[in-house]
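Comments concern the structure below.
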Amino acid sequence: MTGSAPAGPAGSGGTTVDGVGGEPGRVRRRGRGRTGTVPLPLLLPALVGLAFLLLPLVALLVRAPWRGLPDQLTSPEVWRALRLSLLCATSATALSLVVGVPLAWLLARTAFPGRGFVRALVTLPLVLPPVVGGVALLLAFGRNGVIGQWLDAWFGITLPFTTTGVVLAETFVAMPFLVISVEGTLRAADPRYEEAAITLGASRFTAFRRVTLPLIAPGVAAGAVLAWARALGEFGATITFAGNFPGRTQTMPLAVYLALQNDPAAAIALSLVLLAVSIAVLAGLRDRWMSAS
């Protein structure tokens, strides 16, 4: 006798198999998270929130000097700021990868006293005001800083108000994005593959390089993109620690801030470039965050 397979508990969001009146053996997945009529007390605030987020972006597009945009974007000042921003953001991302991926592995794979506290310290720059981060960098790496005084005395290295200072400031605020992304991916990955490689004679580093790293590559790539985008848009720590010197420390956000006081059209043009970069980053991460669940 043909019949339908027993269904799961109501509201479980499971699957059912059609029998009589349907295609034999066809699996039908129950919809999850779907509701009927949206309550008005929830709909109105949701629309207000959506409008609040979208209207500034729409205003930027409406007020953009589209006719003069090519001249604005081809000016030497814009290209200097853009080139410096791309260079520093890429360098900060590379530095974050070199030290951030091992740090994420340490937090995800190793148990040690105070690991929760260390994780909190790693994520602190996410909530720390960027200007405070810039002050902290000055106190650490300035000429009279805790480390900076020895760098200056022993090696003649001065980091504040230099391009290297921009890279350090951007790394400070961007690396936590990479660490969080990679640590989450490591926790989701099965550690038994790495342990099996170690059992077969591979060193722990070889197992990480040949087994674990390929498994977590998508998470590393997503974290790198996030870190790069955050570094590209960094303002507060950069202007505090590295200053605003055209051609040396003036990145795109700093150029926008300066142009807004003297040439609003140029500020809008620079803002459009950063907006386009942000949209490109979001589009690159669409499979990670924008896929329907």
Side-chain angles (χ1 to χ4, degrees), residues 46-97 100 125-127 130 166-167 169-182 184-185 217-239 250-260 263-293:
L47 294 178
V48 171
L50 181 62
F52 175 74
L53 294 175
L54 292 182
L55 280 177
L57 303 179
V58 173
L60 181 63
L61 295 175
V62 170
R63 293 298 181 89
W66 295 106
R67 292 185 177 180
L69 193 61
D71 294 333
Q72 293 287 351
L73 295 180
T74 55
S75 65
E77 295 81 7
V78 170
W79 279 107
R80 280 200 300 265
L82 179 59
R83 183 170 57 251
L84 183 64
S85 294
L86 295 176
L87 173 64
C88 292
T90 304
S91 301
T93 304
L95 183 57
S96 298
L97 284 169
L126 294 176
V127 296
V166 176
V167 175
E170 292 181 352
T171 303
F172 179 78
V173 299
M175 189 170 64
F177 289 89
L178 174 73
V179 174
I180 290 176
S181 178
V182 176
T185 306
V220 174
V225 171
L226 283 175
W228 186 84
R230 180 64 183 89
L232 190 69
E234 165 52 30
F235 175 81
T238 302
I239 197 171
Q250 187 181 87
T251 57
M252 288 284 285
L254 274 63
V256 171
Y257 175 76
L258 184 63
L260 190 60
D263 190 357
I268 295 175
L270 292 170
S271 299
L272 287 175
V273 174
L274 293 177
L275 177 62
V277 171
S278 301
I279 293 175
V281 170
L282 186 61
L285 296 173
R286 66 185 183 278
D287 292 336
R288 187 175 180 88
W289 288 340
M290 298 177 62
S291 59
S293 57

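Nothing fancy with the numbering, it's 1 onward along the sequence.
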What heavy-atom pair brings [X] and [Y] nearest, and what distance separates the two atoms?
X: Gly223; Y: Ser181; result: N-OG, 3.5 Å
X: Ala231; Y: Ala92; result: CB-CB, 4.2 Å
X: Pro125; Y: Phe172; result: CB-O, 3.5 Å
X: Gly219; Y: Thr185; result: CA-OG1, 3.3 Å
X: Cys88; Y: Val166; result: SG-CG1, 3.6 Å
X: Gly100; Y: Leu178; result: CA-CD2, 4.3 Å

Applying salt bridge (Lys or Arg N to Asp or Glu O under 4.0 Å), name anything that partners Glu170, two or more places apart in sequence or on another chain.
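Salt bridge (Lys or Arg N to Asp or Glu O under 4.0 Å) list for Glu170, sorted by chain: empty.
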Let me confirm one number: the [atom1]-[atom2] distance from [X] to [Y], rounded to the nearest 0.5 Å.
X: Leu270; Y: Leu82; atom1: CG; atom2: CG; value: 8.5 Å
X: Ile180; Y: Leu226; atom1: CD1; atom2: CG; value: 10.0 Å
X: Ile279; Y: Leu272; atom1: CD1; atom2: CG; value: 9.5 Å
X: Met252; Y: Thr238; atom1: CE; atom2: OG1; value: 13.5 Å

Applying side-chain contact (heavy atoms from CB on, under 4.5 Å), can you list everything that pairs with [X], at least two apart in sequence or on another chain?
X: Leu258; result: Asn244, Gln250, Asn262
X: Ala237; result: Ala169, Val173, Glu234
X: Arg80; result: Pro76, Glu77, Arg83

Treating Ser85 as the side-chain partner and Ala81 as the backbone partner, does any N or O pair qualify as donor plus acceptor under 3.5 Å?
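A pair under 3.5 Å: yes.
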Within the side chain of Thr171, is there an N or O that forms a donor-acceptor pair under 3.5 Å with the backbone of Ser96?
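It does not hold such a pair.
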Evaluate the side-chain proximity of Ile268 to Pro65: yes if any heavy-atom separation is below 4.5 Å, no if none is.
yes
Can you tell if the side chain of Val225 reaches within under 4.5 Å of the side chain of Thr93, non-hydrogen atoms only?
no
Not counting sequence neighbours, which residues clear side-chain hydrogen bond (donor to acceptor under 3.5 Å, both in side chains) with Ser278? List them please.
none
Identify all side-chain donor-acceptor contacts of residues 53-64 below 3.5 Å with residues at least two apart in sequence or on another chain.
none

